[in-house]
Structure formats: structure tokens, C-alpha cells
Amino acid sequence: MTASPDPPLGTPTTSRGPDASDGSPAVVLPARAASGAPVTGPAEATVPAAGRDAVSLAGRDAVPAVGQDAMPLVGEAASLVAAELVRRADADRESTREAGAAPTAERRRSVARCRRDNAEALAVIVRLHGWPTVEAVGGAASTAALMILLHAPDLGFRLRCRDLIAQATADGRCPAVHLAYIADHCAVELGEPQFYGTRINPVTLHPYPVRRPQTLDERRRDVGLGPLDEQMRALRAHG
């Protein structure tokens with residue numbers, strides 16, 4: 001997930017967990033997801049059935065992390081927030097690259113600090129403005145926000161934002177694939193099977209357990225992802 005031009009369609013980028021340099025779980029983000037382009041047409045941007053199931057995992061009492069006086073992101077404010085999100089995602093990517101090249105304890109701590117600070121900044125944005133949707137801040141910045149969220153240390157915050165993303169997806173303001181990634185991420189953290197197979201165990205290089213695997217590729221197709229076998233071949237080729 002980057003602000004730079006997207007790689008060719010089908011080329012994956014990989015986002016890892018808080019200690020990426022020492023083999024934490026990976027989330028594979030193909031170019032189509034990184035672009036932020038909607039994966040459903042304007043008239044059919046609804047939450048996939050598996051996404052609705054995913055949202056229910058946390059129960060219906062989850063309270064979105066949005067203030068009562070949240071203001072929509074428009075104009076200059078939207079541009080400033082977008083730039084900040086992309087800058088912070090780039091900082092995460094760079095610190096992760098450095099830690100992977102030379103996995104010292106200090107560099108791992110640097111990754112953790114970067115991701116904690118990014119999550120705190122995202123929490124402020126969400127409280128003031130709601131989830132930074134593709135509609136509000138553009139595809140690159142909304143995808144950057146998703147990357148920051150996937151690396152946030154607070155599961156409760158991730159769950160609340162997942163619910164916001166689910167609503168934005170239902171409203172056609174975010175691509176369904178964004179919901180797929182955060183739904184899978186939260187499911188794995190909760191010890192539940194994932195829905196779309198986007199989260200990969202770095203030790204086995206196989207997806208974490210998947211709900212109803214016999215229909216997995218149908219669900220992936222519904223949110224704009226290719227077959228799982230294609231994802232795994234691309235991951236190994238670019239690993």
C-alpha cells in the first residue's frame with residue numbers, strides 16, 4: 001500500500017505485523033487493493049455477506065471511535081489529512097524496511113514506536129472526522145489509513161474502525177476489499193477463522209485458518225481479489 005504509482009495488476013505488496021523483521025504475520029495487498037479503486041460498481045457497493053458476518057464477531061455493542069461533533073473531511077482539511085496519512089504510512093514502510101535489512105532490537109523498537117504513534121494520530125483523525133474514506137481523502141490516503149490500522153497495537157481500536165469501514169463499504173465510500181483485509185485481520189486476532197485468506201502465517205507460508213474454505217474463492221471474487229492460489233504464487237515469487 002503506497003502513495004507511489006501502483007505496481008502491475010496482480011503484483012502483491014506485503015504488510016507485516018508489529019515485528020515484521022522477525023517473522024510476524026503478513027497481509028498480502030495486491031495492486032488493485034492498493035489503488036483504492038472500488039471493486040464494486042456504484043450501484044452495488046454493499047457489504048459482502050462474509051463481511052457482515054465478520055462485523056458481527058465483535059458483537060453489536062462495539063461503539064465507533066467517532067466523536068459526537070465529527071466533521072466531514074472536505075477541501076483543504078481533506079488534503080492535509082490525506083498528506084499526513086500517506087506520510088505516516090511511508091514512515092512505517094521505511095522503518096520496517098530498515099528493521100528487515102538489519103534486525104536489531106533498537107530498529108524493532110523503532111518500528112513499534114512508529115506504528116504506535118501512527119495509530120494515535122489515526123485515532124484523532126477518526127474521532128474528529130470519522131473513517132478517512134476513499135470518497136473523502138482519495139484512494140492512496142484511505143489505503144494508507146488501512147495500513148496504519150492493520151499495524152495498530154490496540155485490537156479494540158481496530159474492531160471499532162472495522163465497523164466504520166463496514167458502514168463506509170455499505171455506503172459505497174470505501175472499496176469492499178478494505179473491509180476484507182480488516183475483517184480477516186481482526187478475525188485472526190480474535191482466534192476465529194478468517195474470511196478471505198488475506199492473512200498469511202509467516203512460518204508456514206500458508207493462510208491462517210479460513211471459514212468455509214470450499215467457497216473461499218467466491219468470496220474473494222466478490223471483493224475483487226483473485227484466487228488464493230494466485231495470491232500464494234505471487235507472494236512466494238516476491239518473497
Quick one: [atom1] on [X] to [atom2] on [Y], what's the gap to the nearest 0.5 Å?
X	Y	atom1	atom2	result
Ile148	Leu122	CD1	CG	6.0 Å
Thr96	Arg115	OG1	CZ	3.5 Å
Gln167	Asp163	CD	CG	9.5 Å
Thr169	Leu179	OG1	CG	4.5 Å
Met147	Tyr181	CE	OH	13.5 Å
Leu146	Leu85	CG	CG	11.0 Å

Considering all heavy atoms, the nearest [X]-[Y] contact:
X	Y	answer
Leu216	Phe195	CD1-O, 3.3 Å
Val223	Ala176	CG1-CB, 3.9 Å
Leu228	Arg220	N-NE, 3.5 Å
Val137	Ser142	CG2-N, 3.6 Å
Gly156	Asp154	N-OD1, 2.9 Å
Cys174	Thr133	SG-CA, 3.7 Å

If we ignore angles and hydrogens, is there a donor and acceptor under 3.5 Å between the side chains of Arg113 and Ser95?
-> no

Without hydrogens or angle criteria, can the side chains of Asn118 and His151 be said to hold a donor-acceptor pair below 3.5 Å?
-> no

Determine, stepwise, if the pair Ile182 / Cys161 fulfils side-chain contact (heavy atoms from CB on, under 4.5 Å).
-> CA-CA 9 Å; Ile182 188 59; Cys161 287; 5.9 Å; no

Between the side chain of [X] and the main-chain N/O of [Y], is any donor-acceptor distance below 3.5 Å?
X	Y	value
Arg158	Ala152	yes
Gln194	Tyr208	yes
Arg108	Pro103	yes
Asp184	Gly197	yes
Gln231	Leu225	no
Arg162	Ala183	no

Looking at Arg221 and Glu218, does any basic side-chain N land under 4.0 Å from a carboxylate oxygen?
-> no

Salt-bridge test for Glu120 and Arg88: reply yes if a basic N is under 4.0 Å from a carboxylate O, no otherwise.
-> no

side-chain contact (heavy atoms from CB on, under 4.5 Å) between Val81 and Glu84: does it pass, once the steps are laid out?
-> CA-CA 5 Å; Val81 167; Glu84 181 68 4; 5.7 Å; no

Non-neighbouring partners of Arg116 that pass salt bridge (Lys or Arg N to Asp or Glu O under 4.0 Å), sequence neighbours left out =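 With sequence neighbours excluded, Arg116 shows a salt bridge (Lys or Arg N to Asp or Glu O under 4.0 Å) to no residue whatsoever.
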
Could you check whether any side-chain heavy atom of [X] comes within less than 4.5 Å of a side-chain heavy atom of [Y], counting everything from C-beta outward?
X	Y	value
Val210	Pro193	no
Leu190	Leu155	yes
Asp229	Arg233	yes

Output, in order, the C-alpha distance, side-chain angles, deciding distance and verdict of side-chain contact (heavy atoms from CB on, under 4.5 Å) for His178 and Thr143.
-> CA-CA 8 Å; His178 283 199; Thr143 304; 3.3 Å; yes

Is the number of heavy atoms from other residues, nucleotides or ligands within 6.0 Å of CD (Gln214) greater than 12?
->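 Yes, enclosed.
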
